[in-house]
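Quantities reported herein were computed from a predicted structural model and do not represent experimental measurements. Read the numbers this way: they start at 1 and go in the same order the structure lists the ligands and their atoms. We count residues from 1, following the sequence as given.
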Amino acid sequence: MELTELTLRELQRMLADKKVSSAELTRAFLARIAEADARVNAYVTVCEDQALAAAAEADRRIAAGEAGPLTGIPVALKDIFNTEGVRTTCASKILDNYVAPYDATAWARLKQSGAVLLGKLNMDEFAMGSSNENSAYGPTRNPWNPETVPGGSSGGSAACVAARMAAAALGTDTGGSIRQPASHCGVVGLKPTYGRVSRYGVIAYASSLDQVGPVARDVEDCAAMLQAVAGHDPADSTSVDTPVPDYLESLREGVKGLRIGLPKEYFIEGLDPDVKAAVEGAIAVYRSLGAEFVEVSLPHTDYAVACYYLIATAEASSNLARYDGVRYGERVDEGGGLIDMYNRSRAAGFGDEVKRRIMLGTYALSSGYYDAYYLKAQKVRTLVRQDFLDAFAKVDVLLTPVAPTPAFNIGEKTGDPLQMYLSDIFTIPVNLAGTCGMSLPCGLSAGGLPIGLQLVGKPFGEADILRAGHAFEQATVWHEKKADI
Ligand code: GLN
């Protein structure tokens, strides 16, 4: 079998047994990128020289018996993680020339463990989008069908893993950006609890929602990646100092007696029939494995998307104020003075969706409107969170669809932002609640596109959703299906 087809843990075993070197592995993935990425456009930057140097260093560590769990494993990062010496664009023209002077903590941890960075992955500009069409570097295509979107905003991360162009990747999820693309690309993506993984060095979109997480081939690989990045970081005051469980160990526990909640608001009219059938199939699998189902209610679900688009845009308008052409990023200076330079730089550097959100957010925060919009949205957010906490008093995990439809066609929703925003109707409430959720493959549509299942856990309940996901994979074959690209 091709090296690029192997799972992360198979690669770990081969490296440990010295059946392959990291240099060979890295070259195999670079060759795969050279062959397939013209059709997918998952990478914004491929850092071949750095990758080969890191692989040589990994081989030295392995030979010296100093290997960590990820030593020699080729991975890739959404282009939102600062990486010292490799440019970080956030898929925006305004950061086209930006090379960070330091590493994001999540990447620093992978690097310390010995992972090899292949490159930086395409995304929606500043993580704003659900289709990867809002990138200054062109859309990423879904490896299952290049006419369709891979989802977003971590579309490059999901497409890259699906097309076997890295062993695993990291993404970020503010309203669904790891789970929705994972669902559309037939891979596993996990958004950890807010505070579980450091966001230091990750370019901020909406700071009260953003969270870093893994995208991988299956649940076990996903657990291994989470293990490597989770934990407190003194450099991020929102990261929580609570012990990180042994995620791989907890996978073995099975789901007998696990109480799974089905939120009735998530099984609605308008759910695509193939998605509905796949999720119902997953419920039947869990039943046969001895899990118990309980109907629960998340009564404020209807308000979540509106609430999210107020909070996220408000925070974005504040976070993106720093891109003014002065310290970094594109500068357009035509001699009209400082304010003119700011305006021109921002007008030229930001794409349309980013501008739309800055305007929405600035409006929501302006005096006279603050109480009616931002403050009200914060109150609604508390109600949404309380819904989840009430449900978790009765059940261990929740099971829901990830997205209302399989991947849609490129161009299909670009003219209608509201339709695009509704792609995240089942993922956004999890971010508002600050808890964890994972997408894993549970079926294929009539058109042959992957469908994802969402498992939502209690705050810091990543081990529960990972073990539930692993049990599902043990009983099914969906995670073994692969895109033909
Ligand atoms: N699609 C949502 C948005 O555009 C979520 C994005 C994300 O999670 N980064 O805001």
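Close approach to Gly176 involves these atoms of ligand 1, each under 4.0 Å from a residue heavy atom: 8 (O). Counting the atoms of ligand 1 from 1 in the order shown, those under 4.0 Å from a heavy atom of Ala127 are 6 (C), 7 (C), 9 (N). Here is the list of ligand 1 atoms found below 4.0 Å of a heavy atom in Tyr205: 3 (C), 9 (N), 10 (O). Atoms of ligand 1 found under 4.0 Å from any heavy atom of Gly175 (numbered from 1 in listed order, with element): 5 (C), 7 (C), 8 (O).
Side-chain contact between Thr83 and Leu117 is present, with heavy atoms from C-beta onward closer than 4.5 Å. You'll find the side chain of Thr172 stays beyond 4.5 Å of the side chain of Asp210, heavy atoms only. Residues Thr105 and Arg109 have side chains in contact (heavy-atom distance under 4.5 Å, counting atoms from C-beta outward).
The closest protein non-hydrogen atom to atom 1 (N) of ligand 1 is Asp424 OD2, 2.5 Å. What sits closest to atom 5 (C) of ligand 1 on the protein, heavy atoms only, is Tyr308 OH, 3.2 Å. The protein atom (non-hydrogen) at minimum distance from atom 7 (C) of ligand 1 is Ser177 OG, 2.4 Å.
Residue contacts with ligand 1, taken as heavy atom pairs separated by less than 4.0 Å, involve Arg357 solely via side-chain atoms from C-beta onward. Only the side chain of Tyr309 comes within 4.0 Å of ligand 1, counting heavy atoms alone; its backbone N, CA, C and O stay farther away. Counting heavy atoms closer than 4.0 Å to ligand 1, residue Ser153 contributes side-chain atoms (C-beta onward) but none from N, CA, C or O.
For Ala312, the heavy-atom gap to ligand 1 stays at 4.0 angstrom or more.
The aromatic ring centres of Phe126 and Tyr323 sit less than 6.0 Å apart.
Scanning all heavy atoms of the two residues, the minimum distance from Leu449 to Ala407 falls at CD1-O, 3.6 Å.
Looking at ligand 1, you won't find any N or O of Met128 less than 3.5 Å from one of its N or O atoms. Among the atoms of Thr174, some N or O lies under 3.5 angstrom from an N or O of ligand 1.
Between the side chain of Gln454 and the backbone N or O of Gly437, no donor-acceptor pair lies under 3.5 Å. A donor-acceptor contact shorter than 3.5 Å links the side chain of Asn122 to the backbone of Gly138.
Between Tyr200 and Tyr102, the ring planes lie tilted relative to each other; the angle falls in the 30° to 60° range.
The residues Lys120 and Asp79 are annotated as salt-bridged, a charged nitrogen and a carboxylate oxygen being separated by less than 4.0 angstrom.
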